[in-house]
Protein chains: 2
Amino acid sequence: MSEKEISLAVIKRLPRYYRYLGELMEKDVVRISSKELSEKMQVTASQIRQDLNNFGGFGQQGYGYNVEHLYTEIGKILGLDKRYNIIIIGAGNLGQALANYTDFEKRGFILKGIFDVNPILIGLSIRGTEIRLMGELEEFIKSNNIDIAVLTIPKHNAPKVAADLVNWGVHAFWNFAPCDLNLPKDIIVENVHLSESIMRLSYDLKTLKEQPN
Amino acid sequence: MSEKEISLAVIKRLPRYYRYLGELMEKDVVRISSKELSEKMQVTASQIRQDLNNFGGFGQQGYGYNVEHLYTEIGKILGLDKRYNIIIIGAGNLGQALANYTDFEKRGFILKGIFDVNPILIGLSIRGTEIRLMGELEEFIKSNNIDIAVLTIPKHNAPKVAADLVNWGVHAFWNFAPCDLNLPKDIIVENVHLSESIMRLSYDLKTLKEQPN
DNA sequence: TAGATTGTTAATCGATTAACAATC
DNA sequence: TAGATTGTTAATCGATTAACAATC
């Protein structure tokens, strides 16, 4: 019995709801109506109610939503109550920056290892996680039950490395390499394409300068 | 005479077209039809033609598109032929990673300065750009004609710092802080919310595990 | 010229917004 | 109970896809 498919547009909004609800909790706000939340977030109240009702009725007529309850429920929908083992491939600047990224643990992602081709980096530790040589990768993945690989390597070998990782049992990627990985479609890939982001910024700037009104 | 507004969905696809055309150029491909490109990119040919025709007719009936010409034209649409001065605010791991990010120059963004509150970092240089104290910021922006600020600072002071920057003349932001900046609406903000990205990945993983088919 | 493929209009599909009955 | 606000259906809007005449 497959439930109705949730649209990608809805999924992409959930983390933002989650963030706002977290901020409300910090301010000790107990309840909020879709109308109040919509004003804060600059979306329509209708959209909030539609989005949430894809997953169930979390509110109460005449009252609104309990902030803490809704926060917890969205967390569950996003799978933030689960634990996953991750590795970082590529210990360059970005790889090291992400290794220091404490949000991983907050979201249930446990950093198990960091790998690089450069022998100079080997043995160095980031927040208690040692950098290892790529040669150890296959053995490490198999013995550490790795779910997710973060790819912070150059684009020229990213698809090849990703294909190897899939063969060794990794089934999800957080990909920072500026390319498509072309993996089987049962493999999950979340891309962070900084160069595409910077081009959108460039477009907006150009457009602003052209229409000075 | 205001031209018809281009939808955000179209803009977001342009950088990906640009990337694929770049790859085709590297392979010395001279021409490509919307059909061939659509197969490579896993979109419909119709969508490619519709998207491009928002900006003009870049193809030729019976022939397709000249790869190099289309690449150049999309580059112009994205404003990649322009030059903008940028600064990085926050010289932590991520700020330093971005300072080393060579795509900036490729896209016409010139790194003029890096700023941090931590005096320990002052004087240190990254790819020839010196790290400066936040106190110098106002003077620096005014005398260096800064267009864009990259924000890699903690969320608790990001909106305040951004508001100051706007007052001093910055009108565009590449924001890595996990918060909304709440700036006037003529200010351009391109957000990179890594924590939202990681939550989408978490959702996909959870969904995969629930439906093992 | 004939074949191919664009540019563009029309049809479809999906997502957002509006409205309101249900109900706390 | 009366007022408020949800959950949900219906209406609208916009984006994607299909189709085909124009034309290289």
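Worth saying up front: this structure is predicted, and the values here are computed from it rather than measured. We name chains A, B, ... by the order of the sequence lines, and we start the count at 1 in each one.
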Do we see a donor-acceptor contact under 3.5 Å between the side chains of B:Ser34 and B:Arg49? yes
Qualifying residues under side chain to side chain donor-acceptor pair (under 3.5 Å), relative to A:Tyr84, sequence neighbours excluded: none
Please confirm whether B:Arg31 makes a cation-pi placement over B:Tyr63, using NZ or CZ under 6.0 Å from the six-membered ring centre and within 45° of the ring normal. yes
Where does the angle between the aromatic ring planes of A:Phe140 and A:Phe115 fall among parallel (under 30°), tilted (30 to 60°) and perpendicular (over 60°)? perpendicular
Provide a list of protein-nucleic acid N or O atom pairs under 3.5 angstrom, restricted to nucleotides 11-13 of chain D.
none

Regarding B:Asn191 and B:Asn175, is there a side-chain donor-to-acceptor distance under 3.5 Å anywhere? yes
Per the side chain to side chain donor-acceptor pair (under 3.5 Å) rule, which among A:Gln42, A:Arg16, A:Lys40 passes with B:Asp180? A:Arg16
Show, in sequence, the C-alpha distance, side-chain angles and deciding distance for B:Lys160 and B:Asp164, and conclude whether the salt bridge (charged side-chain N to carboxylate O under 4.0 Å, His left out) test is met. CA-CA 6 Å; B:Lys160 162 77 174 108; B:Asp164 285 343; 3.0 Å; yes
Could you check if a side-chain atom of B:Leu80 sits within less than 4.5 angstrom of a side-chain atom of A:Met199, using non-hydrogen atoms only? yes
Roughly how many Å is it from CG in A:Leu8 to C1' in C:dG14, rounded to a whole number? 13 Å
NZ/A:Lys142: more than 12 non-hydrogen atoms of other groups inside 6.0 Å: yes
A quick test of your reading: do over 12 heavy atoms of other residues, nucleotides or ligands sit less than 6.0 Å from CD of B:Glu68? no
What residues from residues 57-78 of chain B pass a heavy-atom cutoff of under 4.0 Å to DNA chain D? B:Gln60, B:Gln61, B:Gly62
Please examine the side chains of B:Leu201 and A:Ile188, heavy atoms only from C-beta on, and report whether any two atoms are closer than 4.5 Å. yes
Measure the shortest side-chain to side-chain distance between B:Leu181 and B:Ile187 over non-hydrogen atoms and say whether it is less than 4.5 angstrom. no
For residues B:Tyr20 and B:Tyr17, establish whether the separation of their ring centroids is below 6.0 Å. no
What do the steps show when you test B:Glu105 against B:Arg127 for salt bridge (charged side-chain N to carboxylate O under 4.0 Å, His left out), and what is the final call? CA-CA 12 Å; B:Glu105 283 128 69; B:Arg127 289 169 56 83; 3.4 Å; yes
Nearest-Å distance for atom pair CZ/C1', residues B:Phe55 and C:dT6: 18 Å
CA sep, side-chain torsions, deciding dist, call: B:Gln47, B:Arg13, side-chain contact (heavy atoms from CB on, under 4.5 Å): CA-CA 10 Å; B:Gln47 182 164 76; B:Arg13 283 192 292 266; 3.3 Å; yes
Please determine, for the side chain of A:Asn53, which listed nucleotide (C:dT8, D:dG7, D:dA10) has the closest atom? D:dG7
In dot-bracket notation, what is the pairing pattern of DNA chain D, taking Watson-Crick (N1-N3 plus N6-O4 or O6-N4) and G-U wobble (N1-O2 and O6-N3) contacts under 3.5 Å, with [ ] crossing and | for other strands? ..||||||||||||||||||||||
Those residues of residues 18-39 of chain B lying under 4.0 Å from DNA chain C by at least one heavy atom: B:Arg31, B:Ser33, B:Ser34
Residues from residues 40-49 of chain B sitting under 4.0 Å of DNA chain D, heavy atoms only? B:Thr44, B:Ser46, B:Gln47, B:Arg49
Distance-only donor-acceptor test (3.5 Å): side chain A:Gln50, base D:dT9: yes
